[in-house]
Amino acid sequence: MKTLMLGNEAVARGAWEAGARVASAYPGTPSTEITEFIAKYDEIFSEWAPNEKVAVEVALGASVIGGRAVAAMKHVGLNVASDPLFTASYTGVNGGLVICVADDQGMHSSQNEQDSRHYAKSSKTLMLEPADSAECRDFVMRAFGLSEEFDTPVLIRLSTRVSHSRGLVEPGGRTEVPLKKYVKDVSKYVMAPASAKGRHVFVEERALREREWAETSDLNRIEMHDAKIGVIAAGIAYQYAREALGARASYLKLGAVYPLPDKLLRDFRASVDVCYVMEELDPIIEEHCKQLGLEVIGKAVFPMTFEYSAPMIKKAVLGEDTETPDVSPLGEIPARPPVMCSGCPHRGVFYVLKQMKLTVSGDIGCYTLGANPPLGAMDTTVCMGASVGMAHGMEKAAGRARAEKTVAVIGDSTFVHSGITGLIDIVYNKGTSTVIILDNSITGMTGHQQNPATGITIKGEKTRAVDLKKLCEAVGVERVVVADPFDVDTFRKILEAELKAEEPSVIIARRPCKLLKGVEYEERYVVNKELCKECGFCMNIGCPSLVRKNGKVTINETQCVGCGYCYRVCKFKAIEPKPKAKEGEVLS
């Protein structure tokens, strides 16, 4: 019986049906739900790893010992995992190894656009790209078999629209795949130079066999309709093309995007009058076609950036505009930029940083919103963990005076992911930077996943939590302070003292995320109109519960959670706790 499934849910289903034993991942939009859905299957050991490199290493270990394994991440996570990926291509596998990577065309929740197909080509790793939820399930199941057949990891390339769209899937039962026998083989698994030379020869020979397979695989198919227009596409771009052109074009739908099928590409090009290559981001298929001497049209008419759409394709190919009805009776809908939630514990930290006019080396997380007005208290955000190393670099380039004006800000999960080594670098190389760890007891940005600092596994089981204070002390930081970001005055005094210290220091700003279950505040606040000077100073904290109309500030009681930030920063005491109703009394 067919079931409506999210693309990521279908990936998880495919892994379960294929007999996977181990799944490891680090959460990252748009890939996060893959592992969350896998965690619902008790037959698969699943975990949140500290980072994507560890996730691939765990999955590779499971594969070498003979079990089918899967790792999942977003596109920038594959950067972190590329080290084991490239060498895993040499070692090959024992049990099937599938690595799912979700690209974020359009940068809905990412710091860059990145085409993961480059990793398949450069690591010489077979890559499949599903176009809908049904193919997500089917391709993952096929990938395990291909992994074992060709002795290689297999990459599954997803995209935001495939991962987060729903489609019909016909689920089946689980195939229990026995643990394959492990045989010690130094020449295969120990990649010292002597072994690696032989394995590189194997990789090149394997690539030839994979190319032969790609020519006849049913994952690549030709759909002939009108031969005047031909389209070569894969994944979500194929779906856009079908929607835009329908039977007015013929299609070569690629399910295997590395290696590409040379003969099939030539045959299809010969069967149509004009041929378009439609691929979001980089012209990988287009350039391959041109290397084969095929005349195709690609980036000359389609953009290199952002997502495609059916209307855009229709306009580029047919010259036809698609009428888009105004879906809003109010006309143009105003933009709603993301903001920190009411009661977010990060708000107080960034408020203090803005007031102190510090240079803030920032990091990846929901706290990146601290760069937005009215807080505007972040100067850089590059990649996971970069805040710590960049603050150290600023000090070493500009001198000790810069360290007194600069802080690194990083979340608890991100610190565990890749901030620890940067802190070690500061200590080892005699830096004096101050690092603020925003410990909100969860991985907030990607939807409240657990991490090693929370003491709870992906399945909700209690485990040992990483003690961030002891960890910082263990790497040599002697000045480690735990502070409450709600107490902005005390937090500022602590920060001023640590910036003056001529040695490394860490401030752990500890308050749980307001959206966590059980986090409640007793008070609610109102504006005393008689005391309010209409100065608007409280608006500087950027709380969405504060509303200003015609110069008057009010508190939206439907959004206020009672954190008390506004109460603490108002210099005229015009914000005060709302009187509590007595038993049986109703307050207006």
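Remember, predicted model here, so these are calculated numbers, not experimental data.
- Two residues are said to be in side-chain contact when any heavy atoms from C-beta on lie closer than 4.5 Å; Val22 and Val58 meet this criterion.
- Atoms CE and OG, from Met390 and Ser361 in turn, are 5.0 Å apart once rounded to the nearest 0.5 Å.
- To the nearest 0.5 Å, atoms CZ (Phe268) and CD1 (Ile232) are separated by 6.0 Å.
- No donor-acceptor pair closer than 3.5 Å links the side chain of Thr87 to the backbone N or O of Pro84.
- Side-chain contact between Val277 and Pro283: absent, with no pair of heavy atoms (C-beta onward) separated by less than 4.5 Å.
- Ionic pairing of Lys228 and Asp226 is not present here: no N-O contact between side-chain nitrogen and carboxylate oxygen is shorter than 4.0 angstrom.
- No donor-acceptor distance shorter than 3.5 angstrom exists from the side chain of Ser63 to the backbone of Gly96, with no hydrogens or angles considered.
- Taking the charged nitrogens against the carboxylate oxygens, Lys459 and Asp42 do have a contact shorter than 4.0 Å, which makes a salt bridge.
- With rounding to the nearest 0.5 angstrom, the CG atom of Leu281 is 7.5 Å from the CZ atom of Arg117.
- Thr91 places a side-chain N or O within 3.5 Å of a backbone atom of Ala88 that can act as its donor or acceptor partner.
- Remark: Glu210 does not engage Lys124 in a salt bridge, criterion side-chain N to carboxylate O under 4.0 Å.
- Judged by distance alone, with hydrogens and angles left aside, the side-chain atoms of Lys299 form a donor-acceptor pair with the main-chain N or O of Pro303 at under 3.5 Å.
- Under the 6.0 Å distance and 45° angle rule, Arg209 does not count as a cation-pi partner of Phe150.
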Next item on the list: Verify side-chain contact (heavy atoms from CB on, under 4.5 Å) between Leu369 and His346, making sure each step is shown before the conclusion.
Entry: CA-CA 10 Å; Leu369 295 170; His346 304 327; over 6 Å; no
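- One finds the OG atom of Ser250 at 9.0 Å from the CD1 atom of Ile222 (value rounded to the nearest 0.5 Å).
- Scanning both residues, Val177 and Ala18, for their nearest heavy atoms gives CG2-O, 3.4 Å.
- Asn556 places no side-chain N or O within 3.5 Å of a backbone atom of Ser545 that could act as its donor or acceptor partner.
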Item checked: Stepwise side-chain contact (heavy atoms from CB on, under 4.5 Å) test for Phe302 and Met312 -> CA-CA 8 Å; Phe302 301 120; Met312 181 269 287; 4.0 Å; yes
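- Using a 4.5 Å heavy-atom cutoff, the side chains of Cys341 and Leu515 are in contact.
- Residue Ser31 comes nearest to Lys74 through the heavy atom pair OG-N, 3.3 Å, listed as atom of the first residue, atom of the second, then distance.
- The minimum heavy-atom distance between Ala244 and Ala310, with the atom names listed, is CB-O, 3.3 Å.
- The two residues Val416 and Pro452 have their closest heavy-atom pair at CG1-CG, 3.9 Å.
- In terms of heavy-atom proximity, Leu254 sits nearest to Ala234 at O-CB, 3.2 Å.
- When the options Glu223, Glu279, Glu243, Lys253 are evaluated for a side-chain hydrogen bond (donor to acceptor under 3.5 Å, both in side chains) with Tyr238, the one that passes is Glu223.
- Looking at Ser24, its side chain never comes within 3.5 Å of a backbone N or O of Trp48 through a donor-acceptor pair.
- In this structure, Leu155 and Ser116 have side chains that are not in contact, with every pair of non-hydrogen atoms separated by 4.5 Å or more.
- Between the side chain of Thr443 and the main chain of Gln449, a donor-acceptor pair closer than 3.5 Å is present.
- With respect to Arg248 and Glu320, a salt bridge is recorded, a charged nitrogen being found less than 4.0 Å from a carboxylate O.
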Notebook entry, point to check: What's the verdict on side-chain contact (heavy atoms from CB on, under 4.5 Å) for Val203 and Tyr90, showing C-alpha distance, side-chain angles and the deciding distance?
Noted result: CA-CA 6 Å; Val203 168; Tyr90 274 39; 3.8 Å; yes
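- With rounding to the nearest 0.5 angstrom, the OG atom of Ser147 is 9.0 Å from the CG atom of Leu126.
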Next item on the list: Please step through side-chain hydrogen bond (donor to acceptor under 3.5 Å, both in side chains) for the pair Tyr26 and Ser413, ending with a clear verdict.
Entry: CA-CA 10 Å; Tyr26 183 83; Ser413 178; 2.7 Å; yes
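- A salt bridge links Glu17 with Arg137: the closest approach of a Lys/Arg side-chain nitrogen to an acidic carboxylate oxygen falls below 4.0 angstrom.
- Across Val140, Ile156, Leu158, a single residue satisfies side-chain contact (heavy atoms from CB on, under 4.5 Å) together with Ile34, and that is Leu158.
- With rounding to the nearest 0.5 Å, the separation of CE in Met445 from SG in Cys513 is 13.0 Å.
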Notebook entry, point to check: So Glu215 and Arg211, salt bridge (charged side-chain N to carboxylate O under 4.0 Å, His left out) or not? Walk me through it.
Noted result: CA-CA 7 Å; Glu215 295 290 355; Arg211 289 190 185 99; over 6 Å; no
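- With a 4.5 Å cut-off on side-chain heavy atoms, Asp267 and Leu252 do not count as touching.
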Notebook entry, point to check: Please walk me through it: do Phe350 and Leu438 pass side-chain contact (heavy atoms from CB on, under 4.5 Å)?
Noted result: CA-CA 11 Å; Phe350 287 108; Leu438 303 173; 4.2 Å; yes
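- At distances below 3.5 Å, not a single donor-acceptor pair connects side-chain atoms of Thr160 with backbone N or O atoms of Pro30.
- The pair Arg13-Glu9 fails the salt-bridge criterion, with no side-chain N (NZ, NE, NH1 or NH2) lying under 4.0 Å from an Asp/Glu carboxylate O.
- Just one residue in the list Glu307, Gln105, Glu280, Gln239 forms a side-chain hydrogen bond (donor to acceptor under 3.5 Å, both in side chains) with Arg161, and that residue is Glu307.
- Summarising the geometry of Ile38 relative to Ser46, their closest heavy-atom pair is CG2-CB, 4.1 Å, with the distance given to 0.1 Å.
- Between Glu170 and Lys2, some side-chain heavy-atom pair lies under the 4.5 Å cut-off.
- For the pairing with Gln114, the side-chain hydrogen bond (donor to acceptor under 3.5 Å, both in side chains) check across Asn79, Asp103, Asp104 returns one residue only, Asn79.
- Salt bridge Asp151/Arg206: absent, no basic N to carboxylate O contact under 4.0 Å.
- In the displayed structure, Glu176 atom CD is contacted under 6.0 Å by more than 12 heavy atoms of other residues, nucleotides or ligands.
- Between the side chain of Ser342 and the backbone N or O of Val561 there is no donor-acceptor pair closer than 3.5 Å.
- Considering only heavy atoms from C-beta on, Val296 comes within 4.5 Å of Lys290 through its side chain.
- When side chains are defined from C-beta on, His288 counts as touching Asp262, because their heavy atoms get closer than 4.5 Å.
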Next item on the list: Give the intermediate values and the outcome of side-chain hydrogen bond (donor to acceptor under 3.5 Å, both in side chains) for residues His417 and Asn451.
Entry: CA-CA 9 Å; His417 180 286; Asn451 66 68; over 6 Å; no
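- For the pair Asp282 (side chain) and Asp115 (backbone), a donor-acceptor distance under 3.5 Å is absent.
- By the 4.0 Å N-to-carboxylate-O rule, Arg174 lies too far from Glu43 to be salt-bridged with it.
- With respect to Asp138 and Arg142, no salt bridge is recorded, no charged nitrogen being found less than 4.0 Å from a carboxylate O.
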